[in-house]
Amino acid sequence: MENKRPLILICNDDGVRARGIIHLARTVSSLGDVVIVAPDDAQSGKSSALTVNAPLMLAELPELDGIKVYSVTGTPVDCVKIAIHAVLDRKPDILLSGINHGSNAAINNIYSGTMGAAMEGCILGIPSIGYSLQSHSPNADFDPLTPYIVDITKKVISEGLPEGVCLNVNFPARCNPKGIKVVRGAHGHWTEEYQDFATPHGTPFYWLTGKFHNLEPDNPETDEYWLARQYGTIVPIRPDQTATDKIDDITELFRN
């Protein structure tokens, strides 16, 4: 029987030309056969959104160091689905999403297109990891992350992940991480604010701003705590958001 190298599907939400996805693909290229299928443009904040009322266009781009590269005119989840449907000849052994330009720690994984792709892979039964760096700079330095990404990816390829679980991996920016902590996401929320603007014709429009409020900044059980102390973090995530522990309580609430 032919021994095939692991098939690694890579997606992101910053777009197929982002520096983060290029670094990720090169970093893991020694671990298997890599195929990039990513949005043709930035899709940050798209979570698990799907394109349902427009056609999706798939384009093959020039190879990256021998790596096949495709763009899709859609969301990160669209990219995963199109990759499975129209690009790959078999199910990937692992799906990697990122490296995201910006944090996806704490509640940010809910909004993240990076984690939307990883959770879609998880739903499809593919071991999946989302990688993020706490820097929005298009020229961010991803080099310090390389040994950690290789180690984490290699272990997941070898051992798999628990059923229904994917990984949300975040790294602090502008440092060599001191290590890795497996923790939970910090409890917190965004205070959404909008800055007011107007077009030259006087039509008002609004630009989203805001601030994240960490409700437990001193809790060492959380990702935000360790990221602030220059550690990378791994948070296990479940796409299934059913509150199974509260079914009895809700049953009682609606009991006649």
Side-chain angles (χ1 to χ4, degrees), residues 9 11-13 43-53 74-85 91-98 100 102-132 152 155-157 159-170 180-192 208 210-227 232-256:
L9 173 61
C11 306
N12 76 346
D13 72 357
Q43 296 285 322
S44 294
K46 292 299 177 73
S47 187
S48 292
L50 286 169
T51 300
V52 295
N53 292 316
T75 69
V77 168
D78 290 330
C79 292
V80 176
K81 290 182 174 293
I82 290 295
I84 301 298
H85 176 75
K91 184 177 180 179
D93 295 283
I94 192 168
L95 183 151
L96 306 179
S97 186
N100 188 62
S103 175
N104 279 317
I107 198 66
N108 292 308
N109 76 88
I110 293 291
Y111 307 107
S112 165
T114 301
M115 287 308 299
M119 286 193 280
E120 183 65 22
C122 184
I123 291 167
L124 296 174
I126 305 166
S128 299
I129 309 171
Y131 287 112
S132 301
I152 294 168
K155 286 179 179 176
V156 173
I157 290 174
E159 304 294 333
L161 289 171
E163 184 178 357
V165 172
C166 57
L167 302 183
N168 180 18
V169 180
N170 284 267
I180 294 286
K181 299 288 184 178
V182 180
V183 288
R184 65 170 173 82
H187 294 152
H189 61 86
W190 283 89
T191 300
E192 265 71 42
L208 178 66
K211 182 179 180 181
F212 178 72
H213 295 271
N214 185 357
L215 300 180
E216 44 183 349
D218 300 320
N219 190 338
E221 297 179 354
T222 69
D223 52 5
E224 292 282 0
Y225 176 92
W226 289 108
L227 287 163
T233 60
I234 300 175
V235 177
I237 299 290
R238 283 194 175 97
D240 182 0
Q241 300 179 41
T242 306
T244 54
D245 61 324
K246 298 300 178 184
I247 289 176
D248 289 345
D249 294 342
I250 301 303
T251 298
E252 187 64 30
L253 176 65
F254 291 101
R255 191 181 301 279
N256 291 331

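Values reported hereafter were calculated over all heavy atoms of this structure, with side chains retained and with hydrogens, waters and symmetry mates removed.
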Taking Asp223 for its side chain and Ala186 for its backbone only, find out whether a donor-acceptor pair lies under 3.5 Å. yes
Do we see a donor-acceptor contact under 3.5 Å between the side chains of Thr114 and Asp13? yes
Look up atom OG in Ser112 and atom CD1 in Ile107, then write down how far apart they are to the nearest 0.5 Å. 11.5 Å
Output for pair (Cys166 SG, Met115 CE), nearest 0.5 Å, gives 4.0 Å
Rounded to the nearest 0.5 Å, what's the gap from CD1 on Ile157 to CG on Asp93? Could you check? 7.5 Å
Testing the basics here: between Gly185 and Glu216, what is the closest heavy-atom pair and its distance to 0.1 Å? O-OE2, 4.4 Å
Rounded to the nearest 0.5 Å, how far apart are CG of Asn170 and CG of Asn108? 8.0 Å
Would you compute the distance between atom CD1 of Ile152 and atom CD1 of Ile129 and round it to the nearest 0.5 angstrom? 7.0 Å
Quick check: do Val183 and Tyr225 have side-chain heavy atoms less than 4.5 Å from each other? no
Give a yes or no on whether the backbone of Thr51 and the side-chain of Asp78 come within a donor-acceptor separation of less than 3.5 Å. yes
Does the side chain of Arg184 come within less than 4.5 Å of Thr222's, by heavy atoms? yes
Any donor-acceptor pair under 3.5 Å linking the side chain of Ser47 with the backbone of Gly116? no
Take atom CZ of Arg238 as the centre, draw a 6.0 Å sphere, and report whether it contains more than 12 heavy atoms from other residues, nucleotides or ligands. no
Side chains of Pro217 and Asn214 in contact at under 4.5 Å (non-hydrogen atoms): yes
N/O donor-acceptor pair under 3.5 Å between Ser103 side chain and Ala105 backbone: yes
Which of these, Lys81, Gln43, Met119, sits in a side chain to side chain contact (heavy atoms under 4.5 Å, CB included) with Pro76? Gln43
Can you see which heavy atom on Cys122 is nearest to which on Gly164, and at what distance? SG-C, 3.4 Å
Nearest heavy-atom pair of Ala49 and Thr75: which atoms, and what distance? O-OG1, 2.7 Å
Side chain to side chain contact (heavy atoms under 4.5 Å, CB included) partner of Leu167, the single match among Val235, Leu96, Val156, Val182: Val156
Return yes if some donor-acceptor pair links the side-chain N/O of Trp226 with the main-chain N/O of Gly232 below 3.5 Å, else return no. no
Exercise: identify the closest heavy-atom pair between Asn168 and Asn104: ND2-O, 2.8 Å
Can you name the nearest heavy-atom pair linking Pro220 to Asp218, along with the distance? CD-O, 3.3 Å
To the nearest 0.5 Å, what is the distance between CG on Asp248 and CG on Leu253? 12.5 Å
Below 4.5 Å, heavy atoms only, C-beta onward: do Leu215 and His189 meet side chain to side chain? yes
Contact check, side chains of Ile126 and Ile84, non-hydrogen atoms, under 4.5 Å: yes
Minimum-distance pair of heavy atoms, taken over all atoms of Ile123 and Pro239: CG1-CB, 3.9 Å
